[in-house]
Amino acid sequence: MAGIIMEASPKGFAKLQATLKETFGFNRGVTISIIILSSLVIAFAVFWFIYSAPPSSITMSSGPADSVFQTNAERYRKLLASNGITLHILPSQGSLENLMRLKTRSNEVDVAFFQGGLPRGMNANGIESLGSLYSEPLMLYYIGRKKITLLSELDGKRIAVGAEGSAVRRLAVTLLGLCGIETNRNELLVDLDGEDAADALVKKKIHAVFMMGESAAFGTMRKLQRSPDIHIYSYAQADAYIRRIQYLTKLTLPMGSIDFEKNIPENDITLVGATVQLIARRDLHPAVSDLLLEAAHDIHSRPSMYRKRGEFPTPVSNDIPVSDEAMRFYKSGKGFFYRVLPFWLATLVSQLIVVVIPAAVVLIPAFQVIPALYTFSVNVRIGRWYRALLTLEQDHLENRERSPSDYLVRLDRIEHGINRSKIPISFAGQFYILRQHCALVRDRIAAESVPK
């Protein structure tokens with residue numbers, strides 16, 4: 001019928017458009033707008049679903065081969081693998097290199113071990129801490145019959161201070177410098193660490209060696225501790241050191257803790273050490289952050305020589321801020337879905353929620369507002385014809401002297417315009433009522449034109 005859109009069913013996109021038009025009565029423009037909006041929202045939802053998915057693999061910068069850092073990284077790898085995350089381990093010279101790798105995005109390192117505080121003049125932009133894992137002592141082994149009381153007594157001795165880029169070297173050089181030992185151009189400071197440094201000490205090629213777990217194997221330090229000619233230095237000025245260097249902490253190696261039978265060491269040894277942190281890029285996925293912290297709890301919450309049960313991990317950091325996700329984990333643990341569902345299923349559910357809720361927030365109001373606006377626009381168009389019809393009828397009632405034929409001509413034009421209007425099928429009822437009202441006005445005018 002004239003005025004009502006009745007188009008043949010096209011194919012593909014046009015068929016969808018025609019279905020919406022016939023079902024909801026939307027015209028072509030509104031139908032296309034709804035389809036475009038829905039397509040954009042769905043496309044963005046698909047993109048966000050893929051983008052928000054946790055990575056299947058991450059890279060950790062650890063430490064030298066056989067170091068405690070490397071050993072711990074292997075333990076992390078096993079725990080993450082049980083949840084479907086592959087951990088690639090990238091060996092390094094130690095904490096400083098790990099830090100630089102995270103700061104340089106081209107290295108594609110996601111997480112790393114870091115010991116101590118930030119070097120002077122360096123910032124942690126783009127890096128966050130997942131918390132402190134354990135305290136690592138700065139061990140000083142020396143050879144000789146005479147016991148050393150103060151570090152200054154090492155002046156003039158050959159000392160292995162660790163490799164470039166390691167935290168042990170930075171801390172050893174700092175302590176020696178505080179004790180008046182020249183460190184800038186001191187040829188007696190040797191760049192040895194780990195097994196090489198231990199062999200040099202045993203063979204008496206050097207007098208002392210600084211070691212930390214970031215770059216030395218536990219077995220290597222254990223061997224030195226059991227050697228009868230090698231002593232463990234007890235930091236007599238430990239309290240002063242920890243006040244001067246804020247990221248240092250005071251530790252104690254109890255008497256007999258290495259070997260009860262042989263009573264090694266023969267008395268309590270005072271040590272200084274630094275806290276080892278797990279640091280990561282700021283954009284690390286929250287689900288991966290939770291997995292790493294869960295692994296950290298499994299690995300580092302057990303008691304050891306220098307920590308009590310449950311003392312670590314902890315949301316304490318030196319210089320590098322703890323991430324919001326890590327703080328949330330320390331306060332409330334893993335999210336609800338990750339507690340009750342397998343990791344892959346919890347991830348899927350979380351992604352769907354992240355995608356569906358925003359899409360619903362956009363589409364539901366849009367699907368309510370757009371039809372309402374469209375209905376309002378159609379009602380305005382119909383109202384305009386009613387206004388024209390009402391004006392005509394009132395004019396006729398107020399001007400009886402004019403010829404009825406003038407009003408019938410005007411009414412013809414109104415009806416012609418109505419019949420040419422494209423009215424959606426959902427408004428067909430109002431369209432027919434409008435035509436009936438036009439006929440009613442025509443009958444009244446025509447009746448008055450007939451002679452009585």
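Model, not experiment: these values are computed from the prediction.
In this structure, CD1 in Ile382 is found 9.5 Å from CD1 in Ile433, a value given to the nearest 0.5 Å. With rounding to the nearest 0.5 angstrom, the OH atom of Tyr235 is 9.0 Å from the CG atom of Leu248. Between the CD1 atom in Ile232 and the CD1 atom in Ile148 there is a gap of 13.0 Å [rounded to 0.5 Å]. Here the CZ-OG distance, from Arg302 to Ser304, works out to 11.5 Å after rounding to the nearest 0.5 Å. With values rounded to the nearest 0.5 angstrom, Tyr386 atom OH is found 14.5 Å from Arg381 atom CZ. The distance from atom CG of Asn186 to atom CG of Leu189, rounded to the nearest 0.5 Å, is 4.0 Å.
Dense packing is recorded around CG of Asp191, with more than 12 heavy atoms of other residues, nucleotides or ligands lying under 6.0 Å away. With a 6.0 Å radius and a threshold of 12 heavy atoms from other residues, nucleotides or ligands, Asp155 has its CG atom above the threshold.
Residues Leu176 and Phe210 have side chains in contact (heavy-atom distance under 4.5 Å, counting atoms from C-beta outward). Contact of the Leu171 side chain with the Ile245 side chain is registered, since non-hydrogen atoms from C-beta on lie closer than 4.5 Å. At least one side-chain heavy atom of Phe218 sits under 4.5 Å from a side-chain heavy atom of Arg222. Within the 4.5 Å cutoff, the side chain of Ile58 has heavy atoms near those of the Leu87 side chain. In this structure, the side chains of Ser135 and Phe312 come closer than 4.5 Å at one or more pairs of heavy atoms. Arg244 places a side-chain heavy atom less than 4.5 Å from the side chain of Leu178. At a threshold of 4.5 Å between non-hydrogen side-chain atoms, the residues Met60 and Asn98 do not count as touching. For the pair Arg77/Ile89, a side-chain contact is recorded, criterion being any heavy-atom separation below 4.5 Å from C-beta on.
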Original post:
Hey, mind stepping through Val111 and Ile279 against side-chain contact (heavy atoms from CB on, under 4.5 Å) and telling me if it holds?
Top reply: CA-CA 6 Å; Val111 63; Ile279 59 176; over 6 Å; no
Original post:
Stepwise, does the side-chain contact (heavy atoms from CB on, under 4.5 Å) test hold for Arg281 with Ile127?
Top reply: CA-CA 5 Å; Arg281 293 191 188 281; Ile127 300 175; over 6 Å; no
Subject >> Worked verdict on Met212 versus Met139 for side-chain contact (heavy atoms from CB on, under 4.5 Å) >> reply: CA-CA 6 Å; Met212 296 186 84; Met139 305 298 297; over 6 Å; no
Original post:
Hey, mind stepping through Leu118 and Leu99 against side-chain contact (heavy atoms from CB on, under 4.5 Å) and telling me if it holds?
Top reply: CA-CA 9 Å; Leu118 289 174; Leu99 180 64; 3.6 Å; yes
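The backbone N or O of Gly162 lies less than 3.5 Å from no partner atom in the side chain of Ser166, so there is not a single donor-acceptor pair. Distance alone, capped at 3.5 Å, is enough to place a donor-acceptor pair between the Thr71 side chain and the Ser67 backbone. Looking at Arg309, its side chain never comes within 3.5 Å of a backbone N or O of Ser301 through a donor-acceptor pair. In terms of modelled atom types and a separation under 3.5 Å, the side chain of Arg243 and the main chain of Asp239 share a donor-acceptor contact. Remark: side-chain polar atoms of Ser234 are paired, donor with acceptor, to backbone N or O of Thr270 under 3.5 angstrom. No donor-acceptor pair closer than 3.5 Å links the side chain of Arg101 to the backbone N or O of Ala112. The main-chain N or O of Ala217 is never found under 3.5 Å from a side-chain atom of Asp66 such that the two would form a donor-acceptor pair. For Glu153 (side chain) and Thr149 (main-chain N/O), a donor-acceptor pair under 3.5 Å exists by modelled atom type. Asp319 places no side-chain N or O within 3.5 Å of a backbone atom of Gly117 that could act as its donor or acceptor partner. At distances below 3.5 Å, at least one donor-acceptor pair connects side-chain atoms of Asn123 with backbone N or O atoms of Asn125.
In terms of heavy atoms, Arg170 sits closest to Tyr247 at NH1-OH, 3.6 Å. Annotation for Gly63 and Gln70: closest pair O-OE1, 3.4 Å, computed over non-hydrogen atoms. Smallest separation of non-hydrogen atoms from Pro55 and His285: CD-CB, 3.9 Å. Nearest heavy-atom pair, Gln277 versus Ser132, reported as atom, atom and distance to 0.1 Å: CG-OG, 4.0 Å. When all heavy atoms of Leu192 and Ala200 are compared, the pair lying nearest together is CD1-CB, 4.0 Å. Across every non-hydrogen atom of Leu130 and Ser289, the tightest pair is CD2-OG, 3.7 Å.
Paired with Leu140 under the rule side chain to side chain contact (heavy atoms under 4.5 Å, CB included), one option of Val209, Leu151, Leu271 passes, and it is Leu151. Between Ser95 and the options Glu136, Glu214, Arg169, Gln115, a side chain to side chain donor-acceptor pair (under 3.5 Å) holds for only Glu214. Remark: of the listed residues His300, Met305, Glu311, His300 is the sole one forming a side chain to side chain contact (heavy atoms under 4.5 Å, CB included) with Tyr134.
In this model, no donor atom of one side chain and acceptor atom of the other lie less than 3.5 Å apart for Asp268 and Thr252. Counting only N and O atoms by type, the side chains of Thr220 and Glu195 include a donor and acceptor under 3.5 Å apart.
Under 4.0 Å is where a charged nitrogen must lie from a carboxylate oxygen, and between Arg328 and Asp290 at least one such pair does. In summary, Lys147 and Glu266 engage in a salt bridge, as defined by a charged side-chain N under 4.0 Å from a carboxylate O. Between Glu74 and Lys78, none of the side-chain N atoms (NZ, or NE/NH1/NH2) sits under 4.0 Å from a carboxylate O, so this pair counts as no salt bridge.
Note on ring orientation: taking the six-membered ring where Trp is involved, the planes of His231 and Tyr142 are tilted (angle from 30° to 60°).
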